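Computed over heavy atoms, backbone and side chain alike; hydrogens, waters and symmetry mates excluded. Residue numbers begin at 1 in each chain, while the letters A, B, ... track the order of the sequences. Note that the coordinates shown come from a computational prediction; the quantities given were computed from them, not determined experimentally.
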Amino acid sequence: MKDQLQNLLIKCIGDLIDQGVISEMPSKIRLDHTKDRSHGDYATNVALMLAKQANVNPKELAQTIIKQLGVAEFIEKTEIAGPGFINFFLSSESSSSVINEIIDSGKGYGVSNIGAGQSVLLEYVSANPTGPLHVGHGRGAAYGATVSNLLRTVGFKVDNEYYVNDAGRQMDILTVSIFLRYLELSGEKVRFPDNGYQGSYIKDIVGRISERYGDTFQIESTLVFDGICKDGIDGGDKESHIDELIARSKNLLGADFKSIFEVGIESILNGIKEDLADFGVVFEKWFSEQSLIDSGLAESSIDKLQKSKHVYTKDGALWFRTTEYGDEKDRVVVRDNGIHTYFASDIAYHLEKFERGYDKVINVWGADHHGYIARVKASIAAFNHDPEKLEIILVQFANLYRGGKKVQMSTRSGSFVTLEDLRNEVGNDAARFFYILRKSEQHMDFDLDLAKSKTNENPVFYIQYAYARISSVFRQVQDKGINFNHKGADLSLLLEESEKTILRELNRYRGVIETSALQYEPHQLAYYLRDLAAHFHSYYNACPFILEDQNLTQARLSLIYATKQVLENGLHILGVSAPDSM
RNA sequence: GCGCCCGUAGCUCAGCUGGAUAGAGUGUCGGCCUCCGAAGCCGAAUGUCGUGCGUUCAAAUCGCAUCGGGCGCACCA
């Protein structure tokens, strides 16, 4: 409907240009759903925009435009309002026709082909596999999964990808942490390093190792600790301490070091996968950082940079001239000790991503990574790819509050609330919904006490309740033996204010899906559903649906059936269930 | 010091590709179940849209400045 009106408007302005009333097409014609129903269904500001170049006052121009527009069967009337807006009132027939469209399309209502099958690589979460996901990761997971659903709904082909940082020093630290706990649990005296991973999940991993390998790795702990420099708390340097422990452990364990590591990473990764799957977040691809090194891609991409003279040596390290592409300083790719930096892997990873030939590459990152954008884009540009094609969405942190106090989270110290805990406390639906309710740039305060103790206040229940209520009405319909069929319904009987309001909302749905998807803003959909539910609840209290008057009954049932369908489709995109009863 | 994000009702936040009287939830106060689910509805009160200047017919929305909060500025990942 909006498209028709928009086309009509564009044609009209074209005509006026031909007539010399105005000189050029405005860059953007705005035709919006009105906020206030007294302003009609749609409003445009073209007259205001063009008044200057036409050199007449806006209201006069609006008059001219309306005259030129002529009559269309779907418009009941037009009005000039305020400083020169043109308001369009749709005929009741055209606005209620959405009911049949919705019911006939069912679960497919809202699906479109705006994306035209373009392929999208969407990377998100990508939390380091050093422990279970915590509530901070949950936000990225819920956000990414919902954006993915939205993009698919509007016709993009989306691959969800998780980048697994399974290489580098942190993996060594993880392995040593497991090893030391293993020794400890087999009775050895261990002074656990400050910098080790202290979470209880490490002990679970030790359990698996014992199952698989028994006590084959057991050695006297003095062999591990003798001669190692002091830890941080003991007045030494915690970084050197753990590095020496890593070197010693590798030495003592030989190939067994890798065995321990493999059990650890597998266990953690499986945990993460299950956790996400339970949360309704499914990744098609798990991309391993180690695979970049094993395949030689990390090495070869640096070679390429060397050939194209984008790198140079300084202070024994290899530097990438990212400043050539607008970064504030050059970045080290290979350290003076010959070890690749994390950035080196990322260069290879993004090169690899681009070479897979996606139309769009999107990264969802935590806000703490924003300083990283320039260098990654630089690396893309250095390989002669278009850095603009990489879209980076920064998701701000979720701060946790408990008892009115901010909860400090650290994987290392083990002092965090896991995503699993949260899901168990508040349920998947509430968690999914709550996470995307704030736009990604907004810092989020996640009040655990509120989420746990007052779950009924969560807006997700309000929406689900609307859905359940409608389901309940249709159970009644069935019990009473009423034969509901929207096809025969006389929708012109829907004359109540609350009915017109719901019709307006239903007409908005497709537009909401479109903007939510294209702007990567799931919260817009969440707010829409909240509004739709509110209008339904209001209607529910104002009007009975099952009445003596069969025609009115059919019309009203059609309206709420369509509402139910839109609620269902919208909730589905958000990854939230739509229960028939609660 | 530099960069990014945020500053809107008591609290948590929408609105921000400029548009018509600034909106929700929650909290406070007062009503509504012999009637399709009261996890609901109806009504009331509440605002220097951080501040200042500018652009514009029109600014919460755009620009500049400034104040406040968060985060980032590694040969860590």
Side-chain angles (χ1 to χ4, degrees), chain A residues 27-28 30 32 34-36 38-39 43-45 48-49 51-52 57-58 81-85 87 128 130 165 167-171 173 239 289 314-319 328-329 331-346 366-374 394-397 399 437-447 450 454-466 468-477 479-480 515 519 521 523-524 526-528 530-531 533-534 536-547 553 556-557 560 581-582:
Chain A
S27 57
K28 216 160 195 183
R30 289 203 65 96
D32 296 313
T34 52
K35 277 189 230 164
D36 188 327
S38 66
H39 297 143
T44 180
N45 63 348
L48 288 158
M49 298 293 288
K52 204 165 198 180
N57 84 52
F85 293 100
N87 295 336
N128 290 340
T130 52
N165 292 118
R169 179 166 171 263
Q170 57 173 347
M171 290 296 108
I173 296 177
E239 301 295 340
E289 180 184 1
K314 193 183 89 181
D315 302 334
L318 195 65
W319 296 71
E328 47 194 36
K329 56 172 287 199
R331 307 290 172 177
V332 170
V333 178
V334 182
R335 287 186 259 162
D336 57 4
N337 60 9
I339 294 173
H340 288 47
T341 60
Y342 173 83
F343 180 40
S345 304
D346 240 22
D368 55 335
H369 279 65
H370 82 262
Y372 215 73
I373 297 172
L394 295 177
V395 177
Q396 295 294 323
F397 281 176
N399 291 318
L437 194 55
R438 271 86 183 99
K439 62 178 181 231
S440 57
E441 310 91 64
Q442 181 69 246
H443 302 104
M444 187 164 99
D445 290 336
F446 208 122
D447 188 328
L450 186 78
K454 299 182 176 180
T455 53
N456 286 355
E457 288 176 11
N458 196 307
V460 72
F461 294 105
Y462 183 82
I463 299 169
Q464 288 178 322
Y465 182 47
R469 263 184 156 179
I470 300 173
S471 298
S472 171
V473 170
F474 280 96
R475 282 193 291 272
Q476 306 267 343
V477 166
D479 290 349
K480 293 188 173 161
T515 52
Q519 296 177 23
E521 292 185 342
H523 73 277
Q524 289 195 26
Y527 278 94
Y528 167 83
R530 215 260 156 218
D531 286 345
F536 167 74
H537 285 308
S538 184
Y539 181 39
Y540 183 96
N541 279 274
C543 303
F545 310 132
I546 300 169
L547 322 105
T553 301
R556 288 185 172 173
L557 288 178
I560 65 168
S581 63
M582 302 171 63

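B:G1 is paired with B:C73 under the Watson-Crick or G-U wobble criterion, all donor-acceptor distances under 3.5 Å. Using Watson-Crick or G-U wobble geometry with both donor-acceptor distances under 3.5 Å, B:G30 finds its partner in B:C42. Pairing for B:G52 goes to B:C64, judged as Watson-Crick or G-U wobble with the two contacts each under 3.5 Å. Pairing of B:U17, defined by two Watson-Crick or G-U wobble distances under 3.5 Å, is not identified with any nucleotide. With both pairing distances under 3.5 Å, B:C35 is matched to nothing as a Watson-Crick or G-U wobble pair. With a cut-off of 3.5 Å on both Watson-Crick or G-U wobble distances, the partner of B:U12 is given as B:A24.
If you check every strand for non-hydrogen atoms under 4.0 Å, A:Asn128 touches sugar and phosphate atoms only. A:Asn87 comes within 4.0 angstrom of a nucleotide base, judged by non-hydrogen atoms across all strands. At the heavy-atom level, A:Phe85 lies under 4.0 Å from base atoms of the strands shown.
The shortest heavy-atom contact between A:Phe545 and A:Thr553 is O-CG2, 3.4 Å.
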Which atoms of nucleotides 1-5 of chain B (N or O only) lie under 3.5 Å from a protein N or O atom, and what are those distances?
residue	atom	partner	partner atom	Å
B:G3	N2	A:His370	ND1	3.4
B:G3	N2	A:His370	NE2	2.6
B:G3	N3	A:His370	NE2	3.2
B:C5	O2'	A:Glu441	O	2.6

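Not a single donor-acceptor pair under 3.5 Å links the side chain of A:His537 to the backbone N or O of A:Ala534. Between the side chain of A:Asn337 and the backbone N or O of A:Ile339, at least one donor-acceptor pair lies under 3.5 Å.
Along RNA chain B, the nucleotide nearest A:Pro83 and the nucleotide nearest A:Cys543 are compared for position; the residue whose nucleotide lies closer to the 5' end is A:Pro83. Positionally, the nearest nucleotide of RNA chain B for A:Arg438 lies more toward the 5' end than for the other of A:Arg438 and A:Val473.
Here A:Asp531 pairs with nothing under the salt bridge (Lys or Arg N to Asp or Glu O under 4.0 Å) rule; sequence neighbours left out.
A donor-acceptor contact under 3.5 Å is not formed by the side chain of A:Asp368 with the base of B:G72.
For A:Tyr462 and B:G25, the shortest distance from a side-chain N or O to OP1 or OP2 is not below 4.0 Å.
The separation of B:C2 from B:G40, taken at their P atoms, amounts to 49 Å, rounded to a whole angstrom.
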